[in-house]
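Worksheet for the structure shown next.
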2 protein chains.
Amino acid sequence: MSLIKKTNPRVISIKDFSSCSYCSVRRLCLPVSVDKEEIDIIDEFVEDRPHLKKSEYLFHAGDKFRSLYAIKSGAVKTFGSTRDGREQITGFHFAGELIGLDAIGNNMHNCNAVALEKTVICTMPYQNIEGISTQIPSIQHEITRLMSKEIRNDEEMLMAMGSMRAEQRVACFLFNLHRRLSTNSSDALSIRLPMTREEIGNYLGLSLETVSRRMSSLQEDGIINVENRLITLRDIEALQHLCN
Amino acid sequence: MSLIKKTNPRVISIKDFSSCSYCSVRRLCLPVSVDKEEIDIIDEFVEDRPHLKKSEYLFHAGDKFRSLYAIKSGAVKTFGSTRDGREQITGFHFAGELIGLDAIGNNMHNCNAVALEKTVICTMPYQNIEGISTQIPSIQHEITRLMSKEIRNDEEMLMAMGSMRAEQRVACFLFNLHRRLSTNSSDALSIRLPMTREEIGNYLGLSLETVSRRMSSLQEDGIINVENRLITLRDIEALQHLCN
DNA sequence: CGTATTTTTGAGCGATATCAACGGAAGTGG
DNA sequence: CCACTTCCGTTGATATCGCTCAAAAATACG
């Protein structure tokens, strides 16, 4: 491939810009601990990169598990449905994050995944991943690491839900977003929320009104600025302190 | 090993009764999808089987991650500490269940694990597991499956915490125990709780008084019987219905 | 048998949910 | 680009669930 690149850079550059090598979130994604040549192998097993519009489903609960999905850009929510029809959001996911790991266990997706905004997805068929793992052992290790991290995240969230009051939950939620959206090069001091207050409340176990009220009080305390969906962090120390 | 067994059965039988082959929870544990000869290999990498008394630690948060632990008998709680010193329980674990999976990611235990009663543990050094995975590929797959299952569990719990009222949470908690403690051969209609009301409340995000009250009301409704720590399920249908 | 721990039950209070109304933003179709 | 509609966010008033405090009963433990 790199050979072709030299001889015909114009055509190839189109593929390149969607490839892992040129992906802006590569350092957060599966090929994190993989060297240059190996990325091409990973690239090959990325099946396609569908563009989702807002509210489009990536997968439904009950779907057969075929692939893991990496978010190239945009944002996704995952949620289950209670029998009485209401949805319960279990996570928000951003660029560089992998979803579908919870489906490996029983070969079936256990939640729904919906784009919160225009989103680009890298589809990675799990069979290919398992095959590739023999060639690149670090991939298996990386998957294990990511799963372990997800368990940790969920359990952190459980701890929060068990012991925190509304204001703490909201603060914790925002601080968590801050951490996840910050990169080596930039601190995410302004966050444009891709989800509604209702979705935040659903996720945090609060009513949408309480989310709104607690955001207002965090603003009054000079910790954040709220301007519709644009949240500006004014005192990160204080925010972090609320999270313990 | 099976050779020695024939020549000197008396000595070996002692080892056997603690070995995986003879373990009563084998079908729930790591060697679930492994055939006879392979079990001996697994047996070999089980380092030791410490007996924990009530309140003894299996590991502390911050400990270097060395091993996964399977519970042979007894019960364990895992919990983290908030900065203000209180503990937040993230899970209860019973015979046949594996703990420590969340530590693989950052090579460090992220929570504490304490025996709730007399408990026997199988210590499985992770290095050995990784090594053995090349010999028994199904082991790696099994670990992945178990991690995925834990993610699913945690997310189910998150859904519960986000949307359920106190009575539902308690009902859900009991039904979950029922499922986990039931085996092919027996339905766990009577459950002897190894944890206090306070620990249940901590786990469910409720006060110990509320746990007690909601158990009483479930009893009044004829759904369960409460006799100190012995819970008898009288109407499992109704219990399950509350969980939704 | 006595002490400590755990559990139950009651009373009052506080945090958060629910209900309601309004204003603003965003999307839609002309 | 504007008018219309729908969705979203804020704020206020009231209701309710679950917490805290308190005390006593039941159980476990040495």
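Lettering follows sequence order; numbering is per chain, from 1.
Residues from residues 188-206 of chain A placing a heavy atom under 4.0 Å of any atom in DNA chain C, listed by number, are G205(A), L206(A). DNA chain C lies under 4.0 Å from at least one heavy atom of each of the following residues of residues 166-178 of chain A: A166(A). The stretch residues 214-236 of chain A touches DNA chain C through N228(A), each having a heavy atom within less than 4.0 Å of the strand.
Within the structure, side-chain hydrogen bond (donor to acceptor under 3.5 Å, both in side chains) contacts touching residues 162-174 of chain B (residues at least two apart or in different chains) are E167(B)-S217(B). Sequence neighbours left out, not one pair with a member in residues 225-234 of chain A passes salt bridge (charged side-chain N to carboxylate O under 4.0 Å, His left out). Here salt bridge (charged side-chain N to carboxylate O under 4.0 Å, His left out) pairs that include residues 200-219 of chain B, with residues two or more places apart or in two chains, number zero.
Residues satisfying the side-chain hydrogen bond (donor to acceptor under 3.5 Å, both in side chains) test with T119(A), not counting sequence neighbours, are none. For I236(A), the side-chain contact (heavy atoms from CB on, under 4.5 Å) partners are F175(A), H178(A), L189(A), L233(A), not counting sequence neighbours. The side-chain hydrogen bond (donor to acceptor under 3.5 Å, both in side chains) search around E156(A) returns none, not counting sequence neighbours.
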Check nucleotides 19-21 of chain C for protein N or O atoms closer than 3.5 Å to its own N or O atoms and list the pairs.
residue	atom	partner	partner atom	Å
dC19(C)	N4	E209(A)	OE2	3.0

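Each end of the helix from dC1(C)-dG30(D) to dG30(C)-dC1(D) gets its own axis from five base pairs, and the two axes differ in direction by 60°, given to 10 degrees.
Computed from coordinates, the K53(A) NZ to dG27(C) C1' distance equals 15 Å when rounded to whole Å.
Minimum interatomic distance between S148(A) and D102(B) (heavy atoms only, all atoms of both residues): OG-O, 2.9 Å. Looking at every heavy atom in both residues, A75(A) comes nearest to P194(A) through CB-CG, 3.8 Å. Pairing each heavy atom of H60(A) with each of N112(A), the nearest pair is CA-OD1, 3.5 Å. Contact record, L98(A) with E150(A): O-OE1, 4.3 Å, taken as the closest heavy-atom pair.
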Passes side chain to side chain donor-acceptor pair (under 3.5 Å), N202(B) versus Q88(B)? Steps please.
CA-CA 6 Å; N202(B) 182 306; Q88(B) 176 60 49; 3.2 Å; yes
Could you check E56(A) against K118(A) for salt bridge (Lys or Arg N to Asp or Glu O under 4.0 Å), going step by step and ending with a plain yes or no?
CA-CA 9 Å; E56(A) 279 189 331; K118(A) 217 179 104 184; over 6 Å; no
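Atom CG of L68(A) and atom CD1 of I121(A) lie 12.0 Å apart (nearest 0.5 Å). One finds the OH atom of Y57(A) at 9.0 Å from the OG atom of S55(A) (value rounded to the nearest 0.5 Å).
Residues S207(A) and L208(B) both approach DNA chain C. Their nearest nucleotides, taken by heavy-atom distance, put L208(B) toward the 5′ side. In terms of position along DNA chain D, the nucleotide closest to T210(B) lies nearer the 5' end than the nucleotide closest to the other residue of the pair K54(B) and T210(B).
Ring pair Y126(A)/F65(A) is tilted by interplanar angle, where 30° to 60° counts as tilted.
Judged by distance alone, with hydrogens and angles left aside, the side-chain atoms of T78(B) form no donor-acceptor pair with the main-chain N or O of C111(B) at under 3.5 Å.
First and last contacting nucleotides of DNA chain D toward chain A (any atom under 4.0 angstrom from a heavy atom, 5' to 3' order): dC8(D) to dA13(D).
Residues Y69(B) and F59(B) bring their aromatic ring centres within 6.0 Å.
Residues I224(A) and L174(A) have side chains in contact (heavy-atom distance under 4.5 Å, counting atoms from C-beta outward).
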